[in-house]
Amino acid sequence: MSSLIRALTLKVRKMANLSPVTRRRIAQFKANKRGYWSLWIFMALFIMALFANIIANSKPLLVSYQGGIYTPFLKSYSEKTFGGEFETEADYRDPFVQDLIQKEGWITWPPVKYSFDTINYNLPTPAPSAPTTDNILGTDDQGRDVFARVLYGFRISVLFGLALTVFSSIIGVSAGAFQGFYGGKVDLIAQRFIEIWSSMPSLYILIIFSALFTPGFWTLLLILLLFSWTHLVDVVRAEFLRARSLDYVRAARALGVSNFTLMRRHILPNAIVATLTMMPFVLTGSITALTSLDFLGLGLPLGSPSLGELLAQGKNNIQAPWLGITAFVSLAFMLTLLTFIGEAVRDAFDPRKTKL
């Protein structure tokens, strides 16, 4: 145990002893107040979205019945568990089930008593219903709570964008490094392939794939990954073409260092700097791509929480302006935060800029 604590202490001390370059970059990032505060706001919203099941759910968080504690939002319980008659899962929104529980216990509900697929059958007006105290952002044309769908849709959009950004960056950096390091015919052939691949009509290919396969999170991720990996190739390729002729790379090659080690240890760290400055913008493009596909009906399966699907509902229900306004504000605010963060990261890695 003491050795583990000692190892963790050394790790923390090592992380605290940052290099002057890293400290300058952090200071420069903080100097960009717009990007710095955008990062904190985005992280707060993302953490809140990760706990969407606790914030917005049609099932209680805790139920106490006859001295026992139950967690319906994590586990299914039959109605018989609470003194009912049916073996099926208890409908906690049913007044009969609520009375059974409250006679011998209590119920703790989440702040929003609706999940993304919960239909409110007690609307004051036909769906889509305007905002009320029960549905603070109103309901969509199927009677589902708009706030819950925005919260869950934000989580799916960011997770999808992060996954697509990471996988496309791995492929794009690897391809750019291979091209730039070897150059010559390898670079020439690879560039012609990328030019042909980038000119392919991706939208029509997506339509064909959506007709052949059932659209889903991983299916869309794979299809979009086929075309998104080319964004970082040119940046990494240029860095490797420049760095491979530098003196320290030639010296390492003269000492017998392998090509893989040269690429990974000596050139890649410099190329990563340019890659990191572009990743927030790649993330923005990934989220926009998913939203566009959902808007066109080629994205996630029907019923999935999606900002693009909410935009389509706003277009189809002009008499319910809260749908389009909510989707537009949510998407615009998220993309604006990511753009500000990307600008701050770009300034932090710019050696020409210094902290004022």
Side-chain angles (χ1 to χ4, degrees), residues 46 48-59 73-74 76 88-89 91 93 110 112-121 127-129 135 137-168 201-228 283-317 320 323-324 326-328 330-331 334-335:
F46 182 50
M48 185 176 70
L50 289 178
F51 293 95
N53 291 4
I54 298 177
I55 297 174
N57 206 318
S58 59
K59 300 178 181 179
F73 80 105
L74 293 177
S76 299
T88 56
E89 184 178 2
D91 182 7
R93 300 180 63 83
V112 179
K113 297 182 181 180
Y114 299 95
S115 185
F116 66 91
D117 56 352
T118 306
I119 298 176
N120 186 357
Y121 293 100
S129 177
N135 304 106
L137 293 179
T139 64
D140 62 4
D141 55 8
Q142 298 184 34
R144 299 169 298 190
D145 186 74
V146 172
F147 176 81
R149 292 189 66 80
V150 168
L151 187 63
Y152 282 85
F154 180 87
R155 181 174 67 179
I156 290 181
S157 298
V158 175
L159 291 177
F160 183 89
L162 288 174
L164 183 59
T165 301
V166 170
F167 290 132
S168 61
S202 57
L203 180 59
Y204 293 108
I205 295 177
L206 288 172
I207 294 175
I208 295 172
F209 272 103
S210 64
L212 296 176
F213 304 101
T214 302
F217 184 93
W218 296 108
T219 306
L220 288 175
L221 183 65
L222 179 61
I223 295 173
L224 290 177
L225 183 61
L226 294 175
F227 303 98
S228 63
L283 175 59
T284 302
S286 302
I287 295 175
T288 305
L290 177 63
T291 304
S292 302
L293 291 176
D294 288 333
F295 179 79
L296 296 174
L298 303 174
L300 297 172
L302 293 176
S304 301
S306 166
L307 298 178
E309 189 262 351
L310 191 60
L311 278 173
Q313 286 203 32
K315 179 182 72 70
N316 297 329
N317 298 275
L323 295 176
T326 301
F328 172 78
S330 302
L331 187 62
M334 174 173 55
L335 297 180

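Side chains are part of it too, since the values below use all heavy atoms of this structure and drop only hydrogens, waters and symmetry mates. Given the structure is predicted, the values throughout are model-derived calculations rather than measurements. For this chain, numbers begin at 1 and follow the sequence in order.
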Please name the pair of heavy atoms, one in T288 and one in T284, separated by the smallest distance, quoted to 0.1 Å. OG1-O, 2.8 Å
Measuring from L221:CG to F160:CZ, what's the distance to the nearest 0.5 Å? 5.0 Å
Could you check S115 against Y152 for side chain to side chain contact (heavy atoms under 4.5 Å, CB included), going step by step and ending with a plain yes or no? CA-CA 9 Å; S115 185; Y152 282 85; 3.8 Å; yes
For L162 and L283 the tightest heavy-atom approach is N-CD1, 3.4 Å
Going by atom types alone, do N120 and N135 pair a side-chain donor with an acceptor below 3.5 Å? yes
Rounded to the nearest 0.5 Å, what's the gap from CG on L151 to CE on M48? Could you check? 5.5 Å
Does a sphere of radius 6.0 Å around CG in L74 hold more than 12 heavy atoms from other residues, nucleotides or ligands, not counting ones at 6.0 Å or beyond? yes
Atom CG in D145, atom CG in D117: separation rounded to 0.5 Å? 11.5 Å
Looking at side-chain heavy atoms only, is the closest gap between I55 and P110 below 4.5 Å? no
Would you mind reporting whether L164 and I287 have side-chain heavy atoms less than 4.5 Å apart? no
Rounded to the nearest 0.5 angstrom, the CZ-CG distance for F328 and L307 is 12.5 Å
For a quick test of reading the model, state the closest non-hydrogen atom pair linking T139 to L323 and the distance between them. O-CD2, 3.7 Å
Tell me whether the guanidinium CZ or amine NZ of R149 lies under 6.0 angstrom from the six-membered ring centre of Y114 and within 45° of its axis. no
Walk me through whether R93 and S58 qualify under side chain to side chain contact (heavy atoms under 4.5 Å, CB included). CA-CA 7 Å; R93 300 180 63 83; S58 59; 4.3 Å; yes
Strictly distance-based, threshold 3.5 Å: is any side-chain N or O of R144 a donor or acceptor partner for the main-chain N or O of P305? no
Which is it for M334 and V158 under the side chain to side chain contact (heavy atoms under 4.5 Å, CB included) test, yes or no, and what are the steps along the way? CA-CA 9 Å; M334 174 173 55; V158 175; 3.9 Å; yes
Measuring from F295:CZ to L310:CG, what's the distance to the nearest 0.5 Å? 11.0 Å
Of all the heavy-atom pairs spanning T165 and S286, show the shortest one and how long it is. OG1-OG, 3.6 Å
If you look at every heavy atom in A49 and R155, which pair is closest and at what distance? O-CD, 3.1 Å
Inter-residue atom distance S304.OG - F116.CZ, 0.5 Å rounding: 7.0 Å
Between F154 and L50, is there a side-chain heavy-atom distance shorter than 4.5 Å? no
Which heavy atom of L311 sits nearest a heavy atom of G324, and at what distance? CD2-O, 4.3 Å
